[in-house]
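Inspection log for the structure reproduced underneath, given as structure tokens.
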Amino acid sequence: RVLQEAGRALVQEFLPGPEWLVDFFRAEDGLATVTRVVVREGVTQVAEPPDGLVASTRRLVDVAGFRGAGQVQFLCRGSAFCVHDVNLRVTFGVAAAIGAGLDIPRLAVEQALGLPIAVPSCTKTVRYVWLGGEARQLLGSGPPSTAQPSAGTFARELVLAALLPRRILDPVSLADPLVLAAAVRRALAALGSRLR
């Protein structure tokens, strides 16, 4: 149908290998990165990057002459990294980079204000759990996944993300008393309005 309407189509090659995300901030004096591997839909793990991954990111950013926040998404074909997407902005999932020690929004504000920026070294490991993605996968309404989580896996991820350090539950962490209190207040208010 696309060919009939447009006469031609650009088709992206399907790459079944692992997906890597490189969150970065590029300042005048260097590039700070946090690399994450996609464990499955809704869950990423900050991990040591494979050889060449950060260097590929650095080349892309340097060629563009870009300064600021961004993310490069790579898909693997064997031992080669293929660029899938480049986002030159603060991206979805930035909480994982912050948890690993790269506070991208703070650095972006400092850069905008013309303040001196110290590019940090990020060595912490965090696991990022996207609540919405996990729930859609569990209910079978999300995009197909090669590793759909079971109910037990889903519940375990949520409990670990909420209670243990170095795990981040997005959109919020239930380990934060203020967030938990706000969630309880909203639930009680909703229940009260239904009872009335």
Worksheet item: Will you find, in the side chains of His84 and Glu19, an N or O donor that is under 3.5 Å from an N or O acceptor?
Response: no

Practice prompt. Could you state whether Val109 and Ile117 fall into the same hydrophobic cluster, counting links through intermediate Ile, Leu, Val, Met, Phe, Trp or Tyr residues with side-chain heavy atoms under 4.5 angstrom apart?
Written response: no

Discussion item. Please determine whether residues Val90 and Val34 belong to a single hydrophobic cluster, defined as Ile, Leu, Val, Met, Phe, Trp and Tyr linked transitively by side-chain heavy-atom distances below 4.5 Å.
Written reply: yes

Discussion item. Checking Phe66 against Leu88 for the side chain to side chain contact (heavy atoms under 4.5 Å, CB included) test, could you report, in this order, the C-alpha distance in whole Å, the side-chain angles of both residues, the deciding distance, and whether it holds?
Written reply: CA-CA 8 Å; Phe66 179 75; Leu88 301 179; 3.8 Å; yes

Response to the item:
Here the gap from Leu195 atom CG to Leu188 atom CG, rounded to the nearest 0.5 Å, amounts to 10.5 Å

Worksheet item: What are the two closest heavy atoms between Leu15 and Cys76, and how far apart are they?
Response: CB-O, 4.2 Å

Fill in: Atom of Arg8, atom of Val2 and distance for their closest heavy-atom approach
O-CG1, 4.0 Å

Worksheet item: Given the rule in the side chain to side chain contact (heavy atoms under 4.5 Å, CB included) test, do Val83 and Gln73 qualify, once you have shown the distances and angles that lead to the verdict?
Response: CA-CA 6 Å; Val83 176; Gln73 177 187 18; over 6 Å; no

Worksheet item: When you check the gap from the basic side-chain N to the acidic O, do Arg106 and Glu110 get nearer than 4.0 Å?
Response: yes

Fill in: Nearest-0.5 Å distance, CG of residue Leu102 to CZ of residue Phe25
8.5 Å

Worksheet item: Is it the case that one hydrophobic cluster holds both Phe81 and Val38, taking links as side-chain heavy atoms less than 4.5 Å apart, direct or via other members?
Response: no

Item to complete: May I ask you to decide if Glu48's main-chain N or O and Thr35's side chain share a donor-acceptor pair within less than 3.5 Å?
Response: no

Item to complete: Starting at CZ of Phe74, measure out to SG of Cys82 and round the result to the nearest 0.5 Å.
Response: 9.5 Å

Acceptor/donor pairs from residues 91-101 side chains to any protein atom, 3.5 angstrom cut, sequence neighbours excluded:
from  : atom 1 : to    : atom 2 : distance (Å)
Thr91 : OG1    : Gln71 : NE2    : 3.4

Fill in: Minimum side-chain heavy-atom gap Val72-Leu60 below 4.5 Å
yes

Worksheet item: Do Arg36 and Val126 come within less than 4.5 Å of each other through their side chains, counting heavy atoms only?
Response: no

Discussion item. Taking Ile104 as the starting point, is it possible to reach Phe24 by hopping between hydrophobic residues whose side chains are less than 4.5 Å apart?
Written reply: no

Discussion item. For residues Val46 and Leu107: do they belong to one hydrophobic cluster (side chain heavy atoms under 4.5 Å, members Ile, Leu, Val, Met, Phe, Trp, Tyr)?
Written reply: yes

Worksheet, complete the sentence: dist Arg67:CZ -> Arg26:CZ (nearest 0.5 Å) comes out at 4.5 Å

Item to complete: Decide yes or no for Asp23 and Thr33: does some side-chain heavy atom of the first lie under 4.5 Å from some side-chain heavy atom of the second?
Response: no

Worksheet item: Minimum heavy-atom separation for Ala190 to Ser193, with atom names?
Response: O-OG, 2.8 Å

